[in-house]
A.B. asks: 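This is the structure I want to talk about, given as structure tokens.
Residue numbers start from 1 in every chain, and the chains themselves are labelled A, B, ... in the order their sequence lines are given, proteins ahead of strands.
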2 protein chains.
Amino acid sequence: MSDPNDRLPPLNALRAFEAAARRLSFTQAADELNVTPGAISQQIRQLEDYAGTPLFKRTGRSVLLTDAAQASLPLVREAFERISEAGRIMQAPARKGRVMVSCAPSFAAKWLAPKLDGFHREHPDTEAWISADMGLTDFTMADADFAIRYGRGNYDGLKSEKLLDETVLPVCSPSLLEGPDAIRRPEDLRHHTLLHDESSENDPSCPDWASWLRARRVEGVDGARGPRFNQAILVIESAAAGRGVALAKQAIAAADLASGRLVAPFADGSTLIDFGYWLVWPKGRHLSPDVRDFMKWVKTEATKGEIVGV
Amino acid sequence: MSDPNDRLPPLNALRAFEAAARRLSFTQAADELNVTPGAISQQIRQLEDYAGTPLFKRTGRSVLLTDAAQASLPLVREAFERISEAGRIMQAPARKGRVMVSCAPSFAAKWLAPKLDGFHREHPDTEAWISADMGLTDFTMADADFAIRYGRGNYDGLKSEKLLDETVLPVCSPSLLEGPDAIRRPEDLRHHTLLHDESSENDPSCPDWASWLRARRVEGVDGARGPRFNQAILVIESAAAGRGVALAKQAIAAADLASGRLVAPFADGSTLIDFGYWLVWPKGRHLSPDVRDFMKWVKTEATKGEIVGV
DNA sequence: CACTCTTGTTTAGTATTGCTGATCGATCAA
DNA sequence: TTGATCGATCAGCAATACTAAACAAGAGTG
């Protein structure tokens, strides 16, 4: 006898279908779901039996979606988005009192982590977990309640809210302000190592040493020389160690500037850049009270910094 | 290692959850899914393990939803609605050229089925399947592309469109217009059996014999006597067989009136009632071209009837 | 109060489903 | 042509889901 259950497609097969359709590859889908390609193949076949029609056009080398697959895919996706979200909501009580935020590594270490104690004092019953990781993969977001990302704020499929602007300015150890090669004017940089931050390279508005020097018409200093680092924090730590002068992000350097571990040798050195820090989370995600509290606190901390900073 | 899949709740367990939550009963959910209560119990436990928190409050006798379940349930439902719809879309190519309509039994037999040949002549490549069944259960709608229902048109969660109004009028076999007890005026009904249609009883606007007689100030006829039938068609067939006089629905009687198998003994006998015939289908369901063609044809047939009828 | 009915739980055993690993065939690039 | 890659297939195995039966815990009844 037919009953409503027979009408629903086999659910696990749908997961294989979604992955295979997204990747247009059974092999990659298999990879994603940690099974063998054969398993995917069988699941798809099962779904095709249910549909009574092929879902993929096998062209030997690769696979393409049929109209039936194309038409049903959006609904399948929406369904899984909801299931995923439903899963999080179910788990909410078990996660109560815990906020997990995925954060750009340097920002996490130099800005967020040091302030975290303050949050814990305000909200003693909530513990915050920081996961420092680059990029926002499915994996990361699946685990974290939200993310703090460095960029322009346009992430598709995600909601975002501006947290903090970023400015860039030269910083160095206070020791470089003394002695025979003491830095007083930009021209003095010729006697010192320039430290480069590669992490800013995909922001066209963010000056590198060459453009910073050009903008100030400084002659006789080679903006290209010096070591390069792929994370802002490495540049900062090198500078603090007296290795040279870094063109540092304000948010990352702020704490060290405040403590005197770093100094800004020039009065007019800072440049506002396009990239900034953003709170980011998947559209449609339910944000628990704990998460909201944490977001609110982070935003408050950010405004504090803006009043004191630069 | 954790990957995105581990984040998704177990899909089959979700189905059990949805059914159990909807019915607030494991036993009924088991029934619906054609498994034993034990199976449901285990699936729910599995989901609770995933959630890390209970989803049902077991109060010995019955079960209640916890907040976690309450909060996630709407999303789970939406997900299944989409999955169900995706399933239909996948099957569309295989169902091409076939329209399945669920229809109130009497209307199907006396109105729809006889006209069906016309549809087939207009659309030779499409075959229409009629499933005559009462009520609109999940089962019925899952199988049918849409339904034709008798009622007021307000079905929740469903879209509907008015097909046809209904009127009620006395009808009988032409043989009753002859002989010594020939029916000429309502008062003559005292010599004949009154046939009652129980299927109209839940429409307050639909007159039964008692109220029909009262409205016409007919004395001396007992509106309560006579056999009762639970379907309009049974009343019609009884009347056609000469068993008595029925207070019949126009749409159901029309064909027999046209053929002379039945006659309407009184000129002013008909009453427009609140209930009517509606095209009904689940909100958000994708209607294929074939289905749209059929709907359009049915509506055309309905207007034809209105011009000729009453 | 005992009795019974109903409902959910548990457990061991079984059936079904899903997956692997090996093999094959097809396609594409060199 | 060969070699590489990808999907299909099949037998065997692993994991999952289900059943049947016994059990426990209210709720209604006499």
A.B. asks: Nearest-Å distance, CG (Leu64(A)) to P (dT27(C))?
C.D. replies: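 Whole-Å distance recorded here is 14 Å.
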
A.B. asks: In whole angstrom, what separates Leu24(A)'s CG from dG7(D)'s C1'?
C.D. replies: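 About 14 Å, once rounded to whole Å.
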
A.B. asks: Output all residues satisfying salt bridge (Lys or Arg N to Asp or Glu O under 4.0 Å) with Glu78(B), sequence neighbours left out; order by chain, then residue number.
C.D. replies: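 Checked Glu78(B) against salt bridge (Lys or Arg N to Asp or Glu O under 4.0 Å); matches are Arg82(A).
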
A.B. asks: Give a yes/no on whether any side-chain N or O of Ser41(A) is located under 4.0 angstrom from OP1 or OP2 of dA8(D).
C.D. replies: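 For Ser41(A), the contact criterion (side-chain N or O under 4.0 Å from OP1 or OP2 of dA8(D)) is met.
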
A.B. asks: Show your working on side-chain contact (heavy atoms from CB on, under 4.5 Å) between Glu161(B) and Trp281(B) and close with a plain yes or no.
C.D. replies: CA-CA 9 Å; Glu161(B) 206 171 292; Trp281(B) 63 97; 3.7 Å; yes

A.B. asks: Which residues pass the salt bridge (Lys or Arg N to Asp or Glu O under 4.0 Å) test with Arg23(A), sequence neighbours left out?
C.D. replies: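 Salt bridge (Lys or Arg N to Asp or Glu O under 4.0 Å) check on Arg23(A) returns Glu32(A).
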
A.B. asks: Between dG7(D) atom P and Glu48(A) atom CD, what is the distance in whole Å?
C.D. replies: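 Glu48(A) atom CD is separated from dG7(D) atom P by 13 Å.
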
A.B. asks: Using whole Å, report how far CZ of Arg15(A) lies from C1' of dC19(C).
C.D. replies: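 Rounded to the whole Å, the gap is 13 Å.
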
A.B. asks: Between P on dC18(D) and CD1 on Ile44(B), what's the gap in Å once rounded to a whole number?
C.D. replies: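 The distance from CD1 of Ile44(B) to P of dC18(D) comes to 11 Å, rounded to the nearest Å.
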
A.B. asks: To the nearest Å, how far apart are Lys57(A) NZ and dT27(C) P?
C.D. replies: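 Result: 17 Å.
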
A.B. asks: Taking 4.0 Å as the cut-off, does a side-chain nitrogen or oxygen of Arg58(B) come that near to OP1 or OP2 on dT7(C)?
C.D. replies: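 For Arg58(B), the contact criterion (side-chain N or O under 4.0 Å from OP1 or OP2 of dT7(C)) is not met.
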
A.B. asks: What is the distance, rounded to the nearest whole Å, between atom CG of Asp31(B) and atom P of dC18(D)?
C.D. replies: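 It works out to 15 Å between those atoms.
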
A.B. asks: Would you mind listing every ring pair (Phe, Tyr, Trp, His ring centres under 6.0 Å) that reaches into residues 19-41 of chain A, with sequence neighbours excluded?
C.D. replies: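 As it turns out, the ring pair (Phe, Tyr, Trp, His ring centres under 6.0 Å) pairs with a partner in residues 19-41 of chain A, which skip direct neighbours, are Phe26(A)-Phe56(A).
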
A.B. asks: Any side-chain N or O of Arg45(B) less than 4.0 Å from the OP1 or OP2 oxygen of dG8(C)?
C.D. replies: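 No, outside the criterion.
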
A.B. asks: Determine whether Val298(B) and Phe119(B) make a side-chain contact, defined as any pair of heavy atoms from C-beta on separated by less than 4.5 Å.
C.D. replies: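 When only atoms from C-beta onward are counted, Phe119(B) and Val298(B) do not touch, as no gap falls below 4.5 Å.
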
A.B. asks: What is the nucleic acid contact for Ser25(A), judged by heavy atoms within less than 4.0 Å: base, sugar-phosphate only, or nothing?
C.D. replies: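 Sugar-phosphate contact only.
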
A.B. asks: Output all residues satisfying side-chain hydrogen bond (donor to acceptor under 3.5 Å, both in side chains) with Glu18(B), sequence neighbours left out; order by chain, then residue number.
C.D. replies: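 Here the qualifying residues are Arg22(B), Arg77(B).
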
A.B. asks: With sequence neighbours left out, write down each residue that passes side-chain hydrogen bond (donor to acceptor under 3.5 Å, both in side chains) with Ser199(A), or none if nothing qualifies.
C.D. replies: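 Testing Ser199(A) for side-chain hydrogen bond (donor to acceptor under 3.5 Å, both in side chains), a comparison that skips the adjacent residues, returns Asp197(A), Lys249(A).
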
A.B. asks: Given dG7(D), is OP1 or OP2 found less than 4.0 Å from the side-chain N or O atoms of Thr27(A)?
C.D. replies: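 For dG7(D), OP1 or OP2 has a side-chain N or O of Thr27(A) closer than 4.0 Å.
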
A.B. asks: Taking atom P of dG7(D) as reference, at what distance in whole Å does atom CD1 of Ile40(A) sit?
C.D. replies: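 Going from CD1 in Ile40(A) over to P in dG7(D) covers 10 Å.
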
A.B. asks: Can you name the side-chain hydrogen bond (donor to acceptor under 3.5 Å, both in side chains) partners of Thr53(B), sequence neighbours left out?
C.D. replies: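 side-chain hydrogen bond (donor to acceptor under 3.5 Å, both in side chains) check on Thr53(B) returns nothing, list empty.
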
A.B. asks: Please pick, from dC19(C), dT9(C), dG7(D), the nucleotide with the shortest atom-to-atom distance to any side-chain atom of Phe26(B).
C.D. replies: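 Comparing dC19(C), dT9(C), dG7(D) against the side chain of Phe26(B), the answer is dT9(C).
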
A.B. asks: Taking five pairs at each end of the helix from dC1(C)-dG30(D) to dA30(C)-dT1(D), what angle separates the two helix axes (nearest 10°)?
C.D. replies: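 One end's axis against the other's: 30°.
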
A.B. asks: Can you name the residues that form a side-chain hydrogen bond (donor to acceptor under 3.5 Å, both in side chains) with Ser205(B), not counting sequence neighbours?
C.D. replies: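 Listed in chain order: Asp203(B).
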
A.B. asks: Considering only nitrogen or oxygen atoms on both sides, find all protein atoms under 3.5 Å from nucleotides 21-27 of chain D and state each distance.
C.D. replies:
residue	atom	partner	partner atom	Å
dG26(D)	N2	Arg61(B)	NH1	2.8

A.B. asks: Taking ring-ring contact (aromatic ring centres under 6.0 Å, His included) as the definition, give me every residue that meets it alongside Phe80(A), ordered by chain and number, with sequence neighbours left out.
C.D. replies: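 Here no residue qualifies.
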
A.B. asks: Should the pair Asp145(B)-Arg98(B) be classified as a salt bridge under the 4.0 Å nitrogen-to-oxygen rule?
C.D. replies: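 Looking at Arg98(B) together with Asp145(B), the answer is no, because their closest N to O distance does not fall below 4.0 Å.
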
A.B. asks: With Ala94(A), which residues qualify under side-chain contact (heavy atoms from CB on, under 4.5 Å), at least two apart?
C.D. replies: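 For Ala94(A) there are no side-chain contact (heavy atoms from CB on, under 4.5 Å) partners, ignoring immediate neighbours.
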
A.B. asks: Anything under 3.5 Å between a protein N or O and an N or O of nucleotides 15-17 of chain D, put it in a table, one pair a line.
C.D. replies:
residue	atom	partner	partner atom	Å
dA17(D)	OP2	Gln46(B)	OE1	3.1

